[in-house]
Amino acid sequence: QVHLVESGGGSVQAGGSLRLSCAVSGYTWRRYCMGWFRQVPGEEREGVATIDRDGQIRYTNSVEGRFTISVENADNNMYLLYLQMNNLTPEDTAIYYCAADPFTRAEQALFYPADLTLWGQGTQVTVSS
């Protein structure tokens, strides 16, 4: 069984940085697409950054050049998915989720979050002006 646990959220002022982490355990990442998504209350969940089993990476336009997604192999049964967020703006305020799925690809996952089947519990990011 696959588990995803996010950490690293918090409150920062505009222009600041945060790094989100997602511990993904119970599978081999090369068979999965993974990504970061965010949601503001009352709005749909939005793809932020995705990386698939072939290493293809996609970012939503609003974070291109500011956010970086990466994956690290922690051990045989765990991977760490990161989202480095720089030059944050109040518009980045949301609950951020990591997600994974064995069948999707980076671009599909970015635009169709509902296609991903495994989700973490979310972590709040608040950016003040």
Side-chain angles (χ1 to χ4, degrees):
Q1 190 171 2
V2 179
H3 297 279
L4 294 82
V5 180
E6 301 101 334
S7 61
S11 298
V12 295
Q13 290 191 324
S17 298
L18 284 173
R19 188 174 79 156
L20 304 183
S21 301
C22 178
V24 189
S25 59
Y27 82 105
T28 302
W29 90 272
R30 287 189 178 275
R31 298 181 296 171
Y32 280 69
C33 174
M34 295 183 288
W36 289 96
F37 303 81
R38 64 188 180 187
Q39 189 168 24
V40 174
E43 297 184 9
E44 292 188 356
R45 193 164 295 186
E46 172 192 31
V48 176
T50 54
I51 180 168
D52 65 26
R53 59 183 180 269
D54 295 324
Q56 295 295 311
I57 293 174
R58 296 290 184 268
Y59 296 98
T60 193
N61 288 342
S62 64
V63 308
E64 189 84 51
R66 300 188 297 123
F67 291 11
T68 302
I69 188 172
S70 61
V71 174
E72 176 183 303
N73 182 193
D75 61 37
N76 287 337
N77 294 313
M78 179 180 289
Y79 291 85
L80 296 172
L81 177 69
Y82 297 107
L83 185 68
Q84 177 66 44
M85 305 186 293
N86 298 328
N87 195 20
L88 286 159
T89 73
E91 289 69 36
D92 296 316
T93 295
I95 299 173
Y96 282 70
Y97 300 88
C98 66
D101 188 87
F103 301 115
T104 60
R105 304 303 295 270
E107 184 153 339
Q108 177 187 348
L110 187 71
F111 293 106
Y112 301 99
D115 288 353
L116 288 92
T117 55
L118 303 165
W119 291 84
Q121 81 286 355
T123 185
Q124 177 71 46
V125 172
T126 302
V127 185
S128 58
S129 58

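- When the side-chain contact (heavy atoms from CB on, under 4.5 Å) test is applied to V5, the partners found at least two apart in sequence or on another chain are Q121.
- Side-chain N or O atoms of N73 include none that pairs as donor or acceptor with a backbone N or O of Y79 at under 3.5 Å.
- Pairs passing the side-chain hydrogen bond (donor to acceptor under 3.5 Å, both in side chains) check and including a residue from residues 56-67, sequence neighbours excluded, read R38-S62, R58-E107, R66-D92.
- Going from atom OG of S17 over to atom CE of M85 covers 8.5 Å, rounded to the nearest 0.5 Å.
- Between W119 and Y97, the ring-plane angle classifies as perpendicular under the 30° and 60° cut-offs.
- Within the 4.5 Å cutoff, no side-chain heavy atoms of L20 are placed close to those of Y82.
- Not counting sequence neighbours, the partners of S11 by the side-chain contact (heavy atoms from CB on, under 4.5 Å) test are T126.
- With sequence neighbours left out, the side-chain contact (heavy atoms from CB on, under 4.5 Å) criterion links E91 to T89.
- Pairing each heavy atom of I69 with each of A49, the nearest pair is CD1-O, 3.5 Å.
- Residues S128 and P90 share a closest heavy-atom pair of C-CG, 4.4 Å.
- Using a 4.5 Å heavy-atom threshold, the side chains of Y96 and Q124 count as separate.
- Two residues are said to be in side-chain contact when any heavy atoms from C-beta on lie closer than 4.5 Å; F103 and D115 fail this criterion.
- I95 and V125 are members of different hydrophobic clusters when ILVMFWY side chains are connected at heavy-atom separations under 4.5 Å.
- Here I51 contributes atom CD1 and T68 contributes atom OG1; the two are 11.0 Å apart, rounded to the nearest 0.5 Å.
- By the 4.5 Å heavy-atom criterion applied to side chains, I57 and D52 are not counted as neighbours.
- A distance-only check finds no donor-acceptor pair linking the side chain of E6 to the backbone of C22 [under 3.5 Å].
- Here the CG-CZ distance, from L88 to F67, works out to 5.0 Å after rounding to the nearest 0.5 Å.
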Inset, instruction - Assess whether side chain to side chain contact (heavy atoms under 4.5 Å, CB included) is satisfied between R105 and D54, documenting all intermediate values. - result: CA-CA 9 Å; R105 304 303 295 270; D54 295 324; 2.2 Å; yes
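- Annotation for G47 and F37: closest pair CA-CD2, 3.3 Å, computed over non-hydrogen atoms.
- Among all heavy-atom pairs drawn from T104 and C33, the shortest one is O-CB, 3.3 Å.
- Side-chain contact between V40 and T93 is absent, with no heavy atoms from C-beta onward closer than 4.5 Å.
- Applying the under-4.5 Å side-chain rule to Ile, Leu, Val, Met, Phe, Trp and Tyr, the cluster around F111 extends to L110, Y112.
- Take N87 and apply the side-chain hydrogen bond (donor to acceptor under 3.5 Å, both in side chains) test, not counting sequence neighbours, and it matches no residue.
- With rounding to the nearest 0.5 angstrom, the CG atom of L116 is 5.0 Å from the CG atom of D101.
- How far CE of M34 is from CG of L80: 9.5 Å, rounded to the nearest 0.5 Å.
- T50 contributes atom OG1, which lies 10.0 Å from atom CG of L81 (distance to the nearest 0.5 angstrom).
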